[in-house]
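First the proteins, then the strands, lettered A, B, ... as listed; each starts at 1. Computed from a predicted structure; not experimentally measured.
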Amino acid sequence: MIALALPLGKGSFSRGYLLVSCSDAFSNWLERSSVGGTAIYIVDFAGDVVVSTDGNPGASGERFRDYKPHLLAQRRAIGAIRTPDPGGKEEALVGYAYARRSMLSVLVVQPTASALAATNRLMLLTWLPPLFLFFVVVGASWKLEDLYRRQEEIGDELQSQNSHLLSASRAKSDVLANVSHELRTPLATMQVSISGIVDTDVNWAPEQVRDVLRSALEDIEHLEIHVRNLLEMSRIEGSSLIKKQPYDLTDIAGAALEQLKPRFGEREVSVDFPSQALMVECDVRQIETVIANLLENALKYSPPGSPLYLSGENRGDYTLFTLRDEGPGVARGTEQFLFDKFYRAPPEADKGGTGLGLAICKGIIKAHHGEIDVRNYRTGGAEFWFTLPTLGRRRKSQDRHGARPVWQEAES
Amino acid sequence: VTQERILIVEDDPKMRHHLDVQLSARGYTVVLADSAEVGMQALEELTPDLVLLDIGLPEIDGYEVARRLRRSTRRHVRLVAVTGYGADSDRRHSREAGFDEHVVKPVMPETVAGIIERARQASREASYST
């Protein structure tokens, strides 16, 4: 045991290294341990003896080829053999063990009963030490396999952790590049237009000045949304507590609409909310961010001038908000990635952006125990929707994680 | 003094609009192109004196437009590379592609005025020496 345990502690080893590399000490120990004619052999996959109690590895090799003990050991990893006295033979295999990883077999060989007739009465005593030795060797080879497997597991684990970290850091640098581009573009346009207006060499008409300022205001709103999204993302990631208050969803939608009004242009925005308040318990600022982000998204991906449809509805346990556009809709197969952090539309459909907006929406709605998703509307365009638990309605226990709305397809 | 004709090849509509407003107000004739393809067509047909060429254009980038232009015509048009990157290697790269100037975004109106002033001076000197 001592001979085997020492090198095990050293850590790195490869197949068979342990048994072979300590073979001198080990075989000395084995030789000393030989009692009453019982011998132990450690045999490699070809049947050649690596270490043995008779101290003469090479010479014993041929002897085991007839036994094919290595094949026997491969079939069953460990076992004992009780064969009738083969008669005429001097020794018999009485036990074996096999370490699959190291491809080594441990064989215990005893003189046959006929060869031992004279010392028969001592048999009981002589059995014990080799048997003990046998189990020690078996235990060690198992330990060896176990360590080898553990080492492989740790290696795999590290590799997967490493690739996970790499992709996370790549996503972070992507978002940084996107964010800096998204922040830089409006800043650059403002810089160009305002610096020109400040220049006294040119006499600017009041209408031209107003045009520059109007455009700068749009750029500032754009910047504001990006900065707010970045802050919101770090808030969600930092999982700071949300401050829930009873609030009318209609009012929140109104505030979000007001905020994005300058960007609507010629668009017709139809709003369908009931006259009764749609009371939900929520963080007002966060839900306003969700609606503003969905509006932003619809403005970006539907043709300028096309209408938008907002609606709110009390559906009992939950309150439903929908926003529909008449754009190209969501490309088949991308629905499930749409709300992933840093996801951007495929290059042919990408309209710029940080890839944070919809991920933030999902983070916020999930924190409110609601659901958010998108579907393509039957007459074309995308319809984004989210639900929030209705205030004062106790959710049924089977409905704890928010409810998916049942769509009414009947009306046309 | 003849009015210089400036071709602006820029894919961002807002930036294009503002450069148009600013440079027109300074008395230049401005021609706008929103892609490399339209830009190359305008180069052939309108013979501008100065071209502000965005490097980061989709499909065909600014470097490629410059290379094609330098290969195809003998007449020298002043080409200005407009890009977000200003390292020495970027400047060398644009010089090798055939650009005369390298301007890091945003292109300020007074920078363009400076470039045109330099071009006027260069052409005056050239006419004195002949």
Residues of residues 8-24 of chain B with any heavy atom under 4.5 Å of a heavy atom in chain A: B:Asp12, B:Lys14, B:Met15, B:His17, B:His18, B:Leu19, B:Val21, B:Gln22

Within 6.0 angstrom of B:His76 NE2, more than 12 heavy atoms from elsewhere: yes

Under 4.5 Å from any heavy atom of chain B - which part of A:Val192: both

Heavy atoms from other residues, nucleotides or ligands near CD of B:Glu59 exceed 12 (cutoff 6.0 Å): no

Partners passing side chain to side chain donor-acceptor pair (under 3.5 Å) against A:Gln159 (at least two apart in sequence or in another chain): none

Check: B:Lys105 main-chain N/O paired with A:Arg184 side-chain donor or acceptor under 3.5 Å: no

Closest-packed option against chain B by number of heavy-atom pairs under 4.5 Å, given A:Leu187, A:Thr185, A:Asp219: A:Asp219

Between B:Pro109, B:Pro106, B:Pro58, the one whose heavy-atom pairs under 4.5 Å with chain A are most numerous: B:Pro106

Heavy atoms of other groups near B:Glu110 CD, more than 12 under 6.0 Å: yes

Enclosure of B:Glu44 CD (heavy-atom neighbours >12, cutoff 6.0 Å): no

More than 12 heavy atoms of other groups within 6.0 Å of A:Phe273 CZ: yes

